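Encoded as structure tokens, the structure appears first; notes follow it.
Chain letters run A, B, ... following the sequence lines, proteins first, then strands; residues in each count from 1. Nothing here was measured: the structure is a model prediction, and the numbers come from that model.
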Amino acid sequence: MQYLTGFKDIQAVISKYSQTKILWIDTEIADYQTSKPRLSLIQVLDKPTQMGIDAAETERVSILDVLEKSEIIDEFIEKIIFNPDIEKVFHNASYDLRFLGNRQAQNVSCTLEMAKSIPYYLLPVPNFKLETLAEQLCHLSAVDKTQQGSDWGIRPLSRKQLHYAKMDPVYLARVHHRLLQLKQLANPDPVKEDLSALMIRYRQLEHQWKQIDTEINHIKNRIKAAMAAQEVSETAGFKLSSSKRTTKKAAFEQLAKLTQTLGIELDLPVTLTKAVQKQLGEAIEQLSLEEEVSTNWRLSIQELEDEDLPF
DNA sequence: AAGCCCACGCGACAAGACTA
DNA sequence: TAGTCTTGTCGCGTGGGCTT
């Protein structure tokens, strides 16, 4: 790890990184709970090794101390964040980007978004914190998050803080690597799919799924009814709440007249249902219609006879 | 605490398939 | 032909997760 505080050193490293294809980046923010949060550190990792958290990998991390160095931050944003040729990987990118150029950022990947897009059965984790993904997806143990909320505005930073700061991009890169694998698994080419294998798998799951699905809905409804009947609104993670909504409706003719007399512009499309179309008849030609054709593919699945069950 | 983003539940609809 | 079933969509509000 190199911990850089000097302008020249940081500039040199920025210019080095501006030549790479992909960077794994994390930040630490001071005074995050106030209205004036300050960017404290930018941690950057390039080209991590594939296997193991070895010294070589963690030593690659650069920690850029940018507290109160807005010119340097701007330079980082200009040369790295706005550069579309460099892929920048963050966990929860929208948070870090608030301090790094916001929406103007180019070529950004977010491991949080990636993780959320993968179906639960492929990534069965209780949440998508970086810590959890590092531990459960990459089997890294002893992920220490105790420094996360520490004071990043003080100097000098403690050894613990710097250690924490350098580990995050390492975890990030490992998580990112595994997520790319899962993403491939989750997005097979439809042309190359093994249809019969898929259908067998479907039949295998169908039976179990029906049992579980019906039971879970049944239990939900019973809990709902029981909580209502016993006047329990909250218990052990179950909360019963009700909400009201009012929908207002008016006769179309009345609405049309009213808006005309009041001169209110109501420019909204009205769906002409089959019934309305029929009532209009030929007169429909007088309207300038906006037609939308969509094709929906429907999968209908026949019940299997008992003897055909593949299990 | 702040800000962003998304999943979820829900009601209301639409419309094709099916059925008597 | 009318009614039912199934599937899908939409908007809206809520609630929760993620980062420091």
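The salt bridge (Lys or Arg N to Asp or Glu O under 4.0 Å) contacts involving residues 77-88 of chain A comprise A/Glu75-A/Lys79, where partners must be two or more places apart or lie in separate chains. Residue pairs meeting the salt bridge (Lys or Arg N to Asp or Glu O under 4.0 Å) criterion with at least one member in residues 131-144 of chain A, sequence neighbours excluded, do not occur.
With the end axes of the helix from B/dA1-C/dT20 to B/dA20-C/dT1 each set by five pairs, the angle from one to the other reads 40° at 10° resolution.
The interatomic distance linking A/Phe128 (CZ) with B/dC6 (C1') rounds to 12 Å, in whole Å. Put simply, CH2 on A/Trp24 is 19 Å from P on C/dT19, counting in whole angstrom units. Atoms OH (A/Tyr95) and P (B/dA2) sit 13 Å apart, rounded to a whole Å. If you measure from atom CG of A/Asn127 to atom C1' of B/dC6, you get 16 Å, rounded to the nearest angstrom. Computed from coordinates, the A/Glu131 CD to C/dG17 C1' distance equals 14 Å when rounded to whole Å.
Neither side chain, A/Thr27 nor A/Arg98, offers a donor N or O lying under 3.5 Å from an acceptor on the other. Side chains of A/Thr132 and A/Asn127: a donor on one and an acceptor on the other come within 3.5 Å.
Residues from residues 96-118 of chain A with heavy atoms under 4.0 angstrom of DNA chain B, sorted by number: A/Arg98, A/Arg103. Of the residues in residues 26-41 of chain A, A/Tyr32, A/Gln33 come within less than 4.0 Å of DNA chain B through at least one heavy atom, sorted by number.
Not counting sequence neighbours, the partners of A/Ala186 by the side chain to side chain contact (heavy atoms under 4.5 Å, CB included) test are A/Pro119, A/Leu122. Partners of A/Asp74 under the salt bridge (Lys or Arg N to Asp or Glu O under 4.0 Å) rule, at least two apart in sequence or in another chain, do not exist in this structure. Here A/Asp96 pairs with nothing under the salt bridge (Lys or Arg N to Asp or Glu O under 4.0 Å) rule; sequence neighbours left out. In terms of the salt bridge (Lys or Arg N to Asp or Glu O under 4.0 Å) criterion, A/Lys16 has no residue partners (sequence neighbours excluded). A/Ser62 pairs by the side chain to side chain donor-acceptor pair (under 3.5 Å) definition with A/Gln2, A/Tyr17, not counting sequence neighbours. Partners of A/Glu71 according to the side chain to side chain contact (heavy atoms under 4.5 Å, CB included) rule, which considers only residues two or more places apart in sequence or in another chain, are A/Phe7. Residues passing the side chain to side chain donor-acceptor pair (under 3.5 Å) test with A/Ser141: none are found, sequence neighbours excluded.
Among the atoms of the strands shown, none is found under 4.0 Å from any heavy atom of A/Phe90.
Not one side-chain nitrogen or oxygen of A/His91 sits closer than 4.0 Å to the OP1 or OP2 atom of C/dC18.
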